[in-house]
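By convention in this document, chain letters (A, B, ...) are assigned in the order of the sequence lines, proteins followed by strands, and residues within each chain are numbered from 1. Source: prediction; values computed, not measured.
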Amino acid sequence: MTEPLISALGIDQSFPVGAGFLGGPRRRLHALRGVDVTVAPGETLGLVGESGCGKSTLARVLLGLEPPTAGSVIFDGTDLARLPAVSLRRLRRRFQVVFQDPAASLNPRMTAAECIAEPLINLTDLSTAEIDARVLALAASVGLGSHLLDRFPHELSGGQCQRVGLARAIAPEPDLIVADEPVSALDVSIQAQILNLMLEIKARMGLAMVFISHDLSVVAHVADRVAVMYLGRIVESGPAEEVFARPRHPYTRMLIGSVPHPRPPPEGGRPLPKGELPSPLNPPPGCAFHSRCPLADNRCLREVPQLLPEVARHRTACHRVAEDATEGA
Amino acid sequence: MAAPNSPPQTVAAARTRRRPFLESLAHLRRDPTTVVSAAILVLFILIAIFAPLIAGDPTALNPIRRLGPPAPDAWLGTDQLGRDVYARAVYGTRVSLIVGGAVAVLAAIPGVAIGIYASMNRVGGAIVMRLVDALMAIPAVLLAIALAALLKPGLPTLIIAISIPEIPRMVRLVRSVALSVTAQPYVTAAIAAGSSRSRLVFRHILPNTLAPVIVQATYAAASAIIASAILSFLGVGTSPEVPSWGGMMADARGFFRFNPELMFYPGLLLSVLLLVTNILGDRLSDALDPRKVTQKMP
Amino acid sequence: MTNDSDPILDVAGLSVRFGARTERVQALDDVDIQVRRGEILALVGESGCGKSVTAMAILGLLPKRTARIDARRITLGGTDLHGASDRSLRRIRGNRIGMIFQDPMTSLNPVHTVGGQIAEIVRQHRGVDRRTARSRALEMLDLVRIPDARGRRDAYPHELSGGMRQRVMIAMALACDPDLLIADEPTTALDVTVQAQIMALIADLRRDLGMSVLLITHDLGVVAETADRLSVMYAGRIVEEGTVGTVFSRPSHGYTAGLLGSLPAEGKRRQSRLAEIPGAVPRLSDPAPACAFADRCAYVTADCRAGVPPVVHPGPGHRCRCIRPDAVYADLSQSDIVRAWQ
């Protein structure tokens, strides 16, 4: 196996929430618990899960934007947590980010060209003229007309803003792009444009990508591997084709079963998901999914299931799946 | 919408820097309210500068003509010491403008610096904010009176005394705005794009924090003009010889029954100046938000 | 079940124009919508296409000062809404038309209990006493399957999850037995598992109560699973309309075809290029003198820009504003989704 480009090992992340002083004891929100992910060079990892599952927090940890409470993020052999601020800043050239809200991720007082130039100014030694030339080339490579370069973000459409965001991300020629819901805020007819553009850029530059989305069909389309998250833990991971075709974890099955398809609905309808996401502040003990799981038994109420060893590169954290596997063997 | 790449532009044209603020100002020139307010403010400034050319000596006493009616050499009559009310009103503009302008600047600069610091530094910020809370618990005029009593009386003292209570308000405002700006995705994006701390502050956070600062600064200017009038009225402001609107109103207090116009003239000027200051502040802050004014569409 | 001759909501020739001195916006142009008794009609389109304006115009909620509304007919079960006074519209809203919106949190009053808010609506429109209204609130919370309805009746909106809040909104909307429920993107803000639950609830309520629903959405998956008929809207015009089965099995407008083609649905090769609709959603200014989709359409000819395309009928009950419906269909007839419907 190739060396991973980035690996996060045993990541815990928790935040204090609520008022401390006079407002009762401060509680901690455990956004991530013992999360391991790796991304190989050139690979796209899809992260899926519902709101509050911790996927955006994981993105911020991977990008070194917030240090995790425990665990370490290692990018190409370098532990981000041990890096002095200046070196971390220099290393940022190699991993970039694309956000969900295309307009809000651009400084409202900077033109499209200035936004795209930002990482070049910060992270390279290029001269002003060289930067200008690069900005023009980058704009062309994301299909942004050069007449749009002196526009402010509010003078651009959502799709155009996201093109600016992409141009900014690829400007310093990174090895990895973390894209946090990059098409969720866009209109249906624009989503396909941006997805095509991202796939094209990825193929051309040989980028690795962490692609976060709540939209399973989008992730199924772009990802090589997926990790499914539930309340701060990865519950299933594996090759995208395999996970979507043969989901093992009951949560993954529920998630896939909930996506409405533009196809004739099956006779008698689909099984309805049970219950709602528990508060991340107060997750159920044992397997956090047991409150909604059709298979839950006593063991699930007590013991937190660990990710099982790989079966065909496919891992699941579920007691019941594990039992089936041993029985089958 | 066809987006043909327009014929090879010059490289420099790609990054023509647009100045949202200047574009907005150009836009504001078409708003009659703004134009009239600005004209009035300019008029006040001209009056203050050219006071000696348009009015006589505001301090010359003429005991024989106490509380006199309007006359060719005293268009608005004379006060209880026989001084020319018109000349005093004209020269009083100087104190008001200087105090207003100076306080706006003296409150804004440290206020912005401390506010931004407090928004970026968790521990230091907490300490600063508790100090600010403590300072805000003291009534502003009381603090000003205490400072005025402590220091040598005069215009600089007056300005410092009024500025200090304005700073905490500015700090609070700047900190809260800067915190919400910092939470915006574009600031995270700037960090991810490798911006240094100073670039983050000066290019991304500060420019997007300024709009409310401008409004607050004009309010500070307006309230400073009032405060200087109050302090003069209370007798702890500028010395009695220096003509100021507040001083004039304080003096007129005793004669209000029979000579209300002595109170009316400086009061009217004060009201007009405050009004145009507030209007301009509002419009300027709108001008600072590029989303509100500039619009360049296909 | 459905009755063609007697639509519960009948909108014909609805045009809405927002006019400022400098900028005019033609938000809707000659829109016809019929919701029949007991059916779910989906109004499909992207942001800014005019779907929400349509709902607001039906409800009489557009600002009178800036919006100019013209219509041949807006009627609800025979009652004229277009010429109705503000007072009678107020009596109709919430009473004969229930409404739910995308974000349940902002539509609920945070300082009142959810039960109190439902009871308030009942009291306002039905003039019943406090106790009757309160028990009606409980009945409604049960109807929308809120577990422990009695306990939740006295909960405040912030104490409920997003899904539960949307259920409360539905309970409020249905509290006065409306003739029509207008649901504007009811699940867009919700997670996918909760979305499935809410859409199933709406479908069940329609079945049990015989309710009519105008469902505004951008999600073709939701349409396929829940709606009976759909109207596709683009740039303020209805471009295609018919039962879900006919439209999905024989898409005849370039925009509908583009939407179906651009979905990253299963069956397409992973990481393959998606068929994209080029360009961006047009800004609405004066009514386009031609097909508004012409600039983005894969099937465009010179004739498309010659005038607004007339309505054609590719099949029974299937209407479409396109001059080349057969070319569109011929291209899509082998697509995975279309074949699934045939």
> Side chains of C:D219 and C:Q195: does their closest heavy-atom pair fall under 4.5 Å?
Replying inline: yes
> Quick one: of C:M164, C:E225, C:H218, who has the most non-hydrogen atom pairs under 4.5 Å with chain A?
Replying inline: C:E225
> Can you say whether A:Q191 sits under 4.5 Å from chain C via the side chain, the backbone, both, or neither, judging by heavy atoms?
Replying inline: neither
>> For the interface with chain A, which of C:L260, C:I277, C:V223, C:L190 has the highest count of heavy-atom pairs at distances below 4.5 Å?
In response: C:I277
>> Report which part of A:D215 has an atom under 4.5 Å of a heavy atom belonging to chain C: side chain, backbone, both, or neither.
In response: neither
> For the candidates A:P265, A:S157, A:S51, which exhibits the highest count of non-hydrogen atom pairs separated by less than 4.5 Å from chain C?
Replying inline: A:S51
>> Ring-plane angle category for C:Y255 and C:H253, please: parallel below 30°, perpendicular beyond 60°, tilted otherwise.
In response: perpendicular
>> Salt bridge check, A:E236 against A:R248: does any charged N sit closer than 4.0 Å to a carboxylate O?
In response: no
> So what's closer than 4.5 Å to chain C heavy atoms on A:V222: side chain, backbone, both or neither?
Replying inline: backbone
>> Is C:M199 in contact with chain A via its backbone, its side chain, both, or neither, using a 4.5 Å heavy-atom distance?
In response: neither
> Most heavy-atom pairs under 4.5 angstrom with chain C, which of A:G158, A:G52, A:P262?
Replying inline: A:P262
> Below 4.0 angstrom, N of the basic side chain to O of the carboxylate: do C:D336 and A:R263 qualify?
Replying inline: yes
> Heavy-atom distance under 4.5 Å to chain A: side chain of C:A275, backbone, both or neither?
Replying inline: backbone
>> A side-chain contact here means heavy atoms from C-beta on lying under 4.5 Å apart; do C:V114 and C:P157 qualify?
In response: yes
>> Check the orientation of A:Y251 and A:Y230. Use parallel for under 30°, tilted for 30 to 60°, and perpendicular for over 60°.
In response: tilted
> Given that the side chain runs from C-beta out, which part of C:T226 has a heavy atom under 4.5 Å from chain A: side chain, backbone, both or neither?
Replying inline: neither
> Less than 4.5 Å apart, any side-chain heavy atom of A:M254 and any of C:T193?
Replying inline: yes
>> Could you walk me through whether A:E241 and C:R270 satisfy the salt bridge (charged side-chain N to carboxylate O under 4.0 Å, His left out) test, starting with their C-alpha distance in whole Å, then the side-chain angles of each, then the deciding distance to 0.1 Å, before giving a yes or no?
In response: CA-CA 8 Å; A:E241 239 153 318; C:R270 284 189 44 251; 3.0 Å; yes
>> Taking side chain as everything from C-beta outward and backbone as N, CA, C, O, which of these in A:A223 sits under 4.5 Å from a heavy atom of chain C? Side chain, backbone, both or neither.
In response: backbone
> What option among A:S258, A:P264, A:A192 has the most heavy-atom pairs under 4.5 Å with chain C?
Replying inline: A:P264
